[in-house]
*Asks:* 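Have a look at this one.
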Amino acid sequence: MVSRAHTTVWGSPGESFCYPISVLASRPEIKSQLKAAIAQALEALGLQEWPEIIVQETPPDKEGDYGTPVAMSLARTLRKAPPQIAADLLQNIQLPAWVRRPFVVGGYLNFELEPAFLVQAATLPIAPFPRAAGKVLLEHTSVNPNKELHVGHLRNICLGDSLARILRFVGRDVEVMNYIDDTGRQAAESLYALQYFGLTEAPAQTKYDHWVGEAYVRLHQAMEDPEQKARIEQGVQSTLHRLEAGELRDAVDKILRAQLQTMYRLGAEYNALVWESDIVREGLLGKAMKILEGSPYVARPTEGKYAGALVMDTSAFIPGLEDPYLVLIRSNGTSTYTAKDIALQFWKMGLLEGLRFVTYDTQPSGAPLYSTHPEGVPLPFGGASETINVVDARQSHALRVVQASLEVEGRPDLAEKCFHLAYETVLLEGRQMSGRKGIVVSVDEVMDEAVKRVRSVIAEKNPDHPSPEEAAEQIGVGAVRFAMLKTEAKKQIDFRYDQALSFEGDTGPYIQYAYARAGSILRKAEEQGVIQEAPDFTQATPYEVALAKSLLRFPEAVQDAARNKAPHIVAQYLLELAAAWSSFYNAKTPDGRPATPVLTAPPGLRGVRLELVKALRQTLKQGLGLLGIAAPEVM
RNA sequence: GCACCCGUAGCUCAGUGGAUAGAGCGUUCGCCUCCGGAGCGAAAGGUCACAGGUUCGAGUCCUGUCGGGUGCGCCA
């Protein structure tokens, strides 16, 4: 192509003036602009309507950069062969100047772009996403406050935390909530276990939640003896009552704070903790039941199986159930877990108010963590237009019932806005875990082990590392998070140490390594004083184009992840981007010499490569950030 | 019994109805006198569980079958 300065103008024919692309503040939306041009051509052909226009990257070994199969989808209605339609489109299409060559291949209409444009576009910052209306209330973690977190919880936290980050990135207002089931049987069992075994103080070196967890497991062992079981059962019941009365809040609090250390170390933070006991004490449960009692689907039978209980008939909303009746209030007057969940859901969606909050903690990022509390003040939490519950797939039915309660209440509009992010269980070396039996691997243990392994890798590969401890922490925890996030949520994961803590191949450290390595180039460029060299994009080669195309996919990948509420889409994208960069980095000419050196490239081209490396770093860092993974400068 | 999820290379997994189905691990062979080898290149490895159907076009949508997981309590 004819050589041009990097201030080359790329205007669209439809515009009254042209501007140098270097004054563009942010990335042009290539696919949208191509779609618009295609739509215009379809109109020019006299069409009134057409199926959705798809523009996609061409497969690696095909000609062109982008292409559309739109001609094929029109073949039937136009009663013409796709290549003919594509050719007609080609005749009528008005394309931006940055399309170097449009052409027909089979039934496809493909576009080859100016390499200089493509590469420069990739180096421009992403336009911020427009803010979307409405608040999303995302609940995740919600671990029973009775023992240490295990790898099953790990998946929940990673999914929830990443999804919150992704949604915020695309402009959503997200409130992250962690539900504290402080009046449940599990908490009662743990607290009673301490009493039963006469345990008062944890050894200094033992993390409190682990210590309590041990007592819990021990209690379940003791319960195998019928004699002890009766006595324990009585104790647990009285502990339950004390919990409900709020007498043991401090004891629960102590466990919760220990658990929070694990969540923080993973990088998860929350806006608010909502305690189950507060929902009851503030009267939300009562109000929710009162509301439901007004529904024709809720009744208090005087005879039969459910005599004396308050039950909800879900058959109109959940078809095919053998027994569609769900007990809300037992005949002994106590409420079920589901009833409390319904009250919480009503609060989340603004049907109920009345929770009061205090500042509970300052999180590692400096952000405050709020918590419901009897002595708190009203704060504008809840009242969301959409909710996301990150909960184990085994609870799908329970969540469906909560959703149905909104329909029972006559609010199908709200029911529609409840999303259950259901993830499959995590197996441990092929077996189901059991908290009660203590067949678990704790999150703390997994992170410790990961960091320990990274530490030895660093000692071996980079003994002069300036801050090995910090890096080991970032890489070890990053590996664990990535292992939890790279797979689709609805697939069962078998947690195996050797896979989860691998640092090679499709892993977090692979991506972090790509980032660190790119940073190393920039540091050297800085030393050599070439870091700000002006790029001459007309010198871009196919190597730069390939990397640029991968970079350009980032916003789309994040949008996809947000729309599908699927963090693994971001994880998979980052693997692809890191691979594209590694491939660029190692590219060789046919005679085996380095094809893409950055620092020793000719002036102008060096500037292009430096800009690409900067864009790559920025994108990797943002992308890792969406997964809650740090981007270490040196590994 | 009914309902939901899954089935893609030896293993672990990607794959908005669109072009010759892609990675990692493992196996085999190459690559540091270039900026980090936690890396790169290449080879081998596929009846996308099976059978029908819808469509110009199906790994992707629909129906059925088989296999695996899970759920259907006045438990939480």
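Given the structure is predicted, the values throughout are model-derived calculations rather than measurements. In the text below, chain A, chain B and the rest are named by the order of the sequence lines, each starting its count at 1.
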*Asks:* Which part of the nucleic acid, if any, lies within contact of A/Thr338, taking any heavy atom under 4.0 Å across all strands shown: a base, the sugar-phosphate backbone alone, or nothing?
*Replies:* nothing

*Asks:* Can you tell whether the side chains of A/Lys340 and A/Glu276 come within less than 4.0 Å, N to carboxylate O?
*Replies:* yes

*Asks:* Show your reasoning for whether side chain to side chain donor-acceptor pair (under 3.5 Å) applies to A/Gln56 and A/Thr68.
*Replies:* CA-CA 6 Å; A/Gln56 57 199 0; A/Thr68 178; over 6 Å; no

*Asks:* In whole angstrom, give me the gap between the P atoms of B/G67 and B/C25.
*Replies:* 35 Å

*Asks:* For B/U33 and B/A38, measure between their P atoms and round to the nearest Å.
*Replies:* 15 Å

*Asks:* For a 4.0 angstrom threshold against heavy atoms of chain A, report the outermost contacting nucleotides of RNA chain B in 5' to 3' order.
*Replies:* B/G1 to B/A76

*Asks:* With heavy atoms under 4.0 Å as the rule, sort A/Lys62 into base, sugar-phosphate or nothing.
*Replies:* base

*Asks:* Heavy-atom contacts under 4.0 Å between residues 591-607 of chain A and RNA chain B, which residues?
*Replies:* A/Pro594, A/Thr596, A/Pro597, A/Val598, A/Leu599

*Asks:* Looking only at the aromatic ring of each residue, does the gap between the centers of A/Tyr573 and A/Phe554 stay below 6.0 angstrom?
*Replies:* yes

*Asks:* Tell me which residues in residues 503-529 of chain A lie within less than 4.0 Å of RNA chain B, going by non-hydrogen atoms.
*Replies:* A/Phe503, A/Glu504, A/Gly505, A/Asp506, A/Tyr510, A/Tyr513, A/Ala516, A/Arg517, A/Ser520, A/Ile521, A/Lys524

*Asks:* Would you call the rings of A/Phe584 and A/Trp581 parallel, tilted or perpendicular, where under 30° means parallel and over 60° means perpendicular?
*Replies:* parallel

*Asks:* For residues 511-531 of chain A, pull every pair meeting salt bridge (charged side-chain N to carboxylate O under 4.0 Å, His left out), keeping only residues two or more places apart or in separate chains.
*Replies:* none

*Asks:* Give me syn or anti for B/C32, where syn covers glycosidic angles within 90 degrees of 0.
*Replies:* syn

*Asks:* Rounded to the nearest 0.5 Å, how far does CD of A/Glu244 lie from OG1 of A/Thr334?
*Replies:* 8.0 Å

*Asks:* Scan A/Gly106 against the nucleic acid and name what it touches under 4.0 Å (heavy atoms): base, sugar-phosphate only, or nothing.
*Replies:* nothing

*Asks:* Do A/Lys565 and A/Phe419 form a cation-pi contact, if we require the NZ or CZ to be under 6.0 Å from the six-membered ring centre and within 45 degrees of the ring's axis?
*Replies:* yes

*Asks:* With a 6.0 Å cut-off (strictly less than), is the heavy-atom count around CD of A/Gln528, excluding the residue itself, greater than 12?
*Replies:* yes

*Asks:* Would you measure the distance from the P atom in B/A49 across to the matching atom in B/C32 and give it in whole Å?
*Replies:* 42 Å

*Asks:* Taking atom types as modelled, is there a side-chain donor on A/Asp182 or A/Ser277 under 3.5 Å from an acceptor on the other?
*Replies:* yes

*Asks:* Within the structure shown, what part of the strands sits under 4.0 Å from A/Glu322 by heavy-atom distance: base, sugar-phosphate, or nothing?
*Replies:* base

*Asks:* Determine the Euclidean distance between corresponding P atoms of B/C72 and B/G18; express it in Å to zero decimal places.
*Replies:* 37 Å

*Asks:* Would you kindly compare A/Tyr585 and A/Thr183 by the position of their nearest RNA chain B nucleotide and give the one closer to the 5′ end?
*Replies:* A/Tyr585

*Asks:* The criterion is side-chain contact (heavy atoms from CB on, under 4.5 Å); which residues satisfy it with A/Leu74, sequence neighbours excluded?
*Replies:* A/Leu42, A/Leu47, A/Trp50, A/Pro51, A/Val70, A/Thr77, A/Leu78, A/Ile85

*Asks:* For RNA chain B, just give me the dot-bracket, please: Watson-Crick or G-U, both distances below 3.5 Å, ( ) intra-strand, [ ] crossing earlier pairs, | paired with another strand, . unpaired.
*Replies:* (((((((..((((....[...)))).(((((.......))))).....(((((..]....))))))))))))....

*Asks:* I'd like to know if the side chain of A/Asp341 pairs up with that of A/Gln345 as donor and acceptor (distance under 3.5 Å, no hydrogens or angles considered).
*Replies:* no

*Asks:* Just checking A/Tyr297 against A/Phe317, ring centres under 6.0 Å apart?
*Replies:* yes

*Asks:* Tell me what A/Val311 touches on the nucleic acid: a base, only sugar-phosphate, or nothing, going by heavy atoms under 4.0 Å.
*Replies:* nothing

*Asks:* Got a second to check how far A/Glu533's CD is from A/Leu605's CG, nearest 0.5 Å?
*Replies:* 9.0 Å

*Asks:* Could you tell me whether A/Ile329 contacts a base, only the sugar-phosphate backbone, or nothing, with contacts defined as non-hydrogen atoms closer than 4.0 Å?
*Replies:* nothing

